[in-house]
Each structure stands twice: as C-alpha cells, then as structure tokens.
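Let me begin by presenting the structure, written as structure tokens, before commenting on it.
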Amino acid sequence: MRTQVAIIGAGPAGLLLAHLLHLRGIESVVLESQSRKHVEERIRAGVLEQGTVDLLVESGVGERLRREGLTHHGLELRFGRRAHRIDLSGLTGGRALTVYAQQEVVKDLIQARLAAGGTILFEISDVEVRGVGTNAPRVVFRKDGAADAIACDFIAGCDGFHGVSRASVPRGALTAHEQDYPFAWLGILADAPPVSPELIYCQHELGFALFTMRTTRLSRLYLQCAPDEDIANWPDDRIWEKLRARLGGGAPLPEGPVLQKGITGMRSFVVEPMQHGRLFLAGDAAHIVPPTGAKGLNLAVADVRVLAQAFAAHYESGSSAALDRYSETCLRRVWRVQRFSWWMTALLHRFPGGDAMRQRLQHAELDYLVGSRAAMTAFAENYVGLPFED
Ligand code: FAD
Ligand code: PHB
C-alpha cells in the first residue's frame, strides 16, 4: 500500500488531519489499534473552544455539532462559599464555548472520512515507524494477524501520549518537559440533569470539584482525589456526598444512576521539537495538559490545522518552509495553553498537606480575578481559546 501521509491514531487529531488533507486533495491512510466501536464510545473531553467549533463547521463536519452542541456564554467560579459568574462572551466580543462530547466529534469525523471513500484501518497491531530520516518512510503493522506496510511521503504521529510515534524517535533527538501533580480527578457520567446550565468550577478546602455536562439530561462531574486512588473505594453514595459538600449551597444537586466512573491522572508534558525528519507529532502524542482548562482536545485540533496547511503548501507549491516551521508555530500556542492549564490547576486544587499559606494565596488570587475586569478578560480570552496564528 502507498499513500501521501500515513496517520497513526484515529483520535480527534488523526481523524481531523485526514479530513483536512482530503479537502486539500491530499491522500492519507489512518491506522488505529482499537476498534471503531471503542474509539466512538471512549468518554473524554466535552468542551470545544470557539476556534475548534469554527474549524469543524467551516470544514463541513459541524452539522450535528451545530444542532446538538450546547453553546455556553459564561461559567461559574465558586470559592469561600461564594459564587461568581464570568461572562465569557461579554468579555471576548461574543466568543463562546460549546459542550459537545469528544466521542461525538470522533463519530462525525469517522463518518465523513468513510463517506468520502477514505481509508481508516481499525484493530491493527505491532505498529512500527521506519525510515523517518529518509525520503521514503514506512509504517509496518499487522492486520488480522498478517504483516503489512504502508509506504508514504510523511508520517503523522497522532497516537496519543502512550503511542509508538514519539517513542520511535531516537534518544536525544527530542527534549521532554514534564510535571506531575499530587492529585487526580475522579470523573463520573450520571443520568441526571446538570445542576446549572453553565459549568461550575469549585475551589474548596476539601478539594476541587467540577460540575459540567454532556447534554441537558446527562451530567459529567469531577472530584479531586489522590493520584493512587482505588476506584473500588468510591461507591456512588460516597461520590455524591463529596460532590454535594464541595458544591456548597444553592440549587440541590440532581442525582441519578452513574453510567461511567474513572480516574484520570494529571500531568503537564511537552516534547520539543514536535518533528523528527518526516515524522510530525500532533495532539497528545506531543503534549499533555492537566484537564482543568479543558484544553487537550482543542490543542490537538490547533496542531493539525497547522500541519494540514503545511502539507498543503508542500504539495501545492513544493515549498517545505511551513513544514520546517511546524514545530515552532505549534509550540508557541502549546506553551501558552500549558501555562493557562497549569495556572488554573494550581489556583483551584487543594495541595496535600493543607498548606494554609497556599490556600490564602489562592483565595486572594480568585478574589482579585472576579473583582477585576482586566483579570477576568485575560481568563476569558484563554478559556474560550486564543486566536489561531499562522
Ligand atoms: P487520542 O484521543 O489519545 O487519540 C490517539 C489514538 O491513537 C487513539 O485512538 C489510540 O487508540 C490510538 N493509538 C495509540 N497507540 C497506537 C498505536 N500504537 N497504533 C495505532 N493507534 C494507536 N480536552 C479538552 O480539550 N477539553 C476537555 O474538556 C477535556 N476533558 C478531558 C477529560 C478527561 C477525563 C480526559 C482523559 C481528557 C480530557 N481532555 C480534554 C483531553 C483530550 O481528551 C485529549 O487531549 C484528546 O483526546 C487528544 O486527542 P489525540 O487525537 O491527540 O489523542
Ligand atoms: C468536561 O466537560 O468533561 C470538562 C469540562 C471542563 C474541564 C474538563 C472537562 O476543564
């Protein structure tokens, strides 16, 4: 088999890249280790920045998103028994965020790709990246037990944090920057209407909590927990009790059957550069942000937007200048988003040891934030998403 761009990973990054390349007349093959059902049911992100929504709509895969996505013009911050709304749209000239589940974005992209005659190979194994330092890279893999290979011009490593792409780069060629956090998130999906029509981020002496949603009937709720927490110690009653305590007063928290439960670790990670020879890393394969700013999926989208344009410039004009600048262009945004995600994480979580000094400083910063239009504007600009740069 031969193609122009071999894409490893059918997450949001790989699928959107394949779609954007198709619109520019560039062929690709997507290789995915999991089944189609698995990737279409994997519960993850839910908040799309304005720029992400615009890109999906403009590229023709936003029809269901426009119909079913929930537009949010603000969010609430709770701390010290007080609630403050941040008017995201009012502070950013009308920009907003949209709640639409990541697996729905994935379903829409898979459907568009297959309807256009594109190739996505699911359930492949033993993927290896070969020859990225040459003009003839290849991806070798097994499908239904049989060895196979794809020859290509370029490889896009869109296979997430634990994928093979980044791991295949020779030692020393990439520099990794990493920070772990001394806490994790326990997340549930509940068959219950959201407590509020807008997201609520709670800073609480018992620990952080987040009240978000997937639809007007499905709540997505998160609680700060220990990084080594055993989910077996969290029966549903205990989760609801902690959520109620951290939410504090106001409207009572609607409860319902817990449909899914899981623990997510938190880390900040960036690899530099995001390219090695003819291998280009995008999305979680190149960087991870802690989920507090709701940025991971959006950053993956921003990367592949740049990458698709750079491939198009290469094939249309023969110039490799944009491909050569890919890493530099992306990393500028990656570091800004890392900074925002790290800042929000440090601002809202309880650090082990219950350091009273840190808590006072967090309160002072939150107090300043909600009392200053300038500070709220900076927050809102980052939360709805910084403009794309070329
Ligand atoms: P992935 O989605 O991880 O896709 C990589 C794909 O590659 C997967 O399908 C995987 O199966 C495949 N793969 C891996 N290894 C191989 C291999 N060897 N061969 C072939 N295929 C392989 N982000 C937000 O923007 N907003 C949010 O609200 C948000 N909330 C989150 C909540 C949680 C609980 C979690 C866990 C994440 C959240 N994120 C959020 C982050 C977001 O989900 C990720 O950043 C996003 O999935 C990145 O997309 P990706 O395509 O780069 O990687
Ligand atoms: C979500 O809806 O899953 C979500 C929202 C905001 C975040 C993280 C996750 O910061």
Side-chain angles (χ1 to χ4, degrees), residues 6-18 30-36 38-49 52 70 72 75 97-103 105-106 109-110 120-129 139-143 156-168 184-189 194 198-201 208-215 218-222 260-267 269 281-304 337 340-341 344-345 348 383 385:
I7 299 173
I8 308 178
L15 291 166
L16 181 59
L17 178 64
V30 179
L31 299 147
E32 167 61 50
S33 53
Q34 302 289 344
S35 67
R36 178 174 179 182
H38 180 95
V39 299
E40 289 190 342
E41 289 178 359
R42 197 163 39 194
I43 295 175
R44 284 197 169 170
V47 173
L48 306 184
E49 293 178 353
T52 299
L70 305 173
H72 285 211
L75 59 72
L97 56 95
T98 300
V99 170
Y100 187 69
Q102 174 167 330
Q103 73 269 26
V105 175
V106 164
L109 287 166
I110 290 176
I120 307 173
L121 302 177
F122 290 102
E123 297 180 75
I124 54 140
S125 61
D126 303 315
V127 177
E128 286 179 34
V129 167
V139 182
V140 301
F141 57 96
R142 297 185 88 81
K143 172 84 183 143
C158 302
D159 47 352
F161 185 69
H162 300 287
V164 292
S165 303
R166 191 182 68 250
S168 72
W185 281 11
L186 192 164
I188 62 166
L189 183 70
E198 295 183 339
L199 272 66
I200 305 178
Y201 284 87
F208 171 76
L210 170 60
F211 298 80
T212 166
M213 70 205 68
R214 284 297 171 268
T215 67
L218 277 181
S219 294
R220 180 80 169 136
L221 308 164
Y222 297 100
Q260 192 258 357
K261 204 189 281 191
I263 291 180
T264 309
M266 313 259 280
R267 65 156 65 85
F269 176 87
L281 302 173
D284 279 14
H287 39 72
I288 295 286
V289 284
T292 326
K295 293 290 174 218
L297 165 60
N298 294 294
L299 206 46
V301 166
D303 287 350
V304 298
V337 170
F340 179 69
S341 303
M344 256 190 100
T345 302
L348 294 171
Y383 199 87

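Residues take their numbers from the sequence shown, with the count starting at 1. Counting convention: from 1, in listed order, for ligands and their atoms alike.
Close approach to Val39 involves these atoms of ligand 1, each under 4.0 Å from a residue heavy atom: 9 (O). Atom numbering of ligand 2 starts at 1 in the shown order; those under 4.0 Å from a heavy atom of Thr292 are 10 (O). In the vicinity of Val164, heavy-atom distances shorter than 4.0 Å reach the ligand 1 atoms 18 (N). Residue Leu210 approaches ligand 2 through these ligand atoms, each under 4.0 Å from one of its heavy atoms: 5 (C), 6 (C), 7 (C), 8 (C), 10 (O). Listed by atom number, the atoms of ligand 1 under 4.0 Å from Gln102 heavy atoms are 2 (O), 42 (C), 43 (O), 46 (C), 47 (O). Every atom of ligand 1 with a heavy atom of Arg42 under 4.0 Å away is listed here by number and element: 8 (C), 9 (O), 10 (C), 11 (O). Near Gly296, meaning under 4.0 Å from any of its heavy atoms, are these atoms of ligand 1: 23 (N), 24 (C), 25 (O), 41 (C), 45 (O). Ligand-side atoms of ligand 1 in range of Arg220: 34 (C), range being under 4.0 angstrom from any heavy atom.
Counting heavy atoms only, Tyr222 comes closest to atom 32 (C) of ligand 1 of the residues Trp185, Tyr222, Phe122. Residue nearest to atom 28 (O) of ligand 1, selected from Gly283, Gly163, Gly46: Gly46 (by heavy-atom distance). Looking at Val127, Ile7, Thr264 and measuring to atom 35 (C) of ligand 1, the nearest heavy atom belongs to Thr264. Residue nearest to atom 7 (C) of ligand 2, selected from Tyr383, Tyr222, Tyr201: Tyr201 (by heavy-atom distance).
Ligand 1 has at least one atom lying under 4.0 Å from a heavy atom of Pro12. Residue contact annotation: Arg214 has a non-hydrogen atom under 4.0 Å from ligand 2. The closest approach between Trp185 and ligand 2 falls below 4.0 Å for a heavy atom of the residue. Put simply, no part of His38 is less than 4.0 Å from ligand 1, judged by heavy atoms.
Taking any N or O of Ile124, backbone or side chain, none lies under 3.5 Å from an N or O belonging to ligand 1. Taking any N or O of Pro291, backbone or side chain, at least one lies under 3.5 Å from an N or O belonging to ligand 2. Residue Gln34 has no N or O atom closer than 3.5 Å to an N or O atom of ligand 1.
At a heavy-atom distance under 4.0 Å, atoms from both the backbone and the side chain of Asn298 approach ligand 1. For Leu199, every heavy-atom contact with ligand 2 shorter than 4.0 Å involves the side chain, none the backbone. When non-hydrogen atoms are compared, ligand 1 lies under 4.0 Å from the side chain of Ile8 (C-beta onward) but not from its backbone. When non-hydrogen atoms are compared, ligand 1 lies under 4.0 Å from neither the backbone nor the side chain of Ala285. Of the heavy atoms in Asp284, both backbone and side-chain atoms come closer than 4.0 Å to ligand 1.
The single protein non-hydrogen atom nearest to atom 23 (N) of ligand 1 is Leu297 N, 3.0 Å, given as residue, atom name and distance. Looking only at protein heavy atoms, the nearest one to atom 16 (C) of ligand 1 is Ser33 OG, 3.6 Å. In this structure, atom 1 (P) of ligand 1 lies nearest to the protein heavy atom Arg44 NH1, 3.4 Å.
Here Arg142 pairs with nothing under the salt bridge (Lys or Arg N to Asp or Glu O under 4.0 Å) rule; sequence neighbours left out.
When all heavy atoms of Arg42 and Gln34 are compared, the closest pair comes out as NH1-CG, 4.3 Å. Closest non-hydrogen pair, Leu70 versus Arg214, comes out as CD1-O, 4.3 Å. Between Ala184 and Thr264, the closest heavy-atom pair is CB-O, 3.3 Å.
Taking CD1 from Ile188 and NZ from Lys261, the interatomic distance works out to 8.0 Å, rounded to the nearest 0.5 Å. One distance of note links NE2 of His287 with CG of Leu299; it measures 4.0 Å at 0.5 Å rounding. Atom CD in Glu123 sits 10.5 Å away from atom NE2 in His38 (nearest 0.5 Å).
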Identify all side-chain donor-acceptor contacts of residues 156-164 below 3.5 Å with residues at least two apart in sequence or on another chain.
residue	atom	partner	partner atom	Å
Asp159	OD1	Ser165	OG	3.0
Asp159	OD2	Val164	N	2.8
Asp159	OD2	Ser165	N	2.9
Asp159	OD2	Ser165	OG	2.9

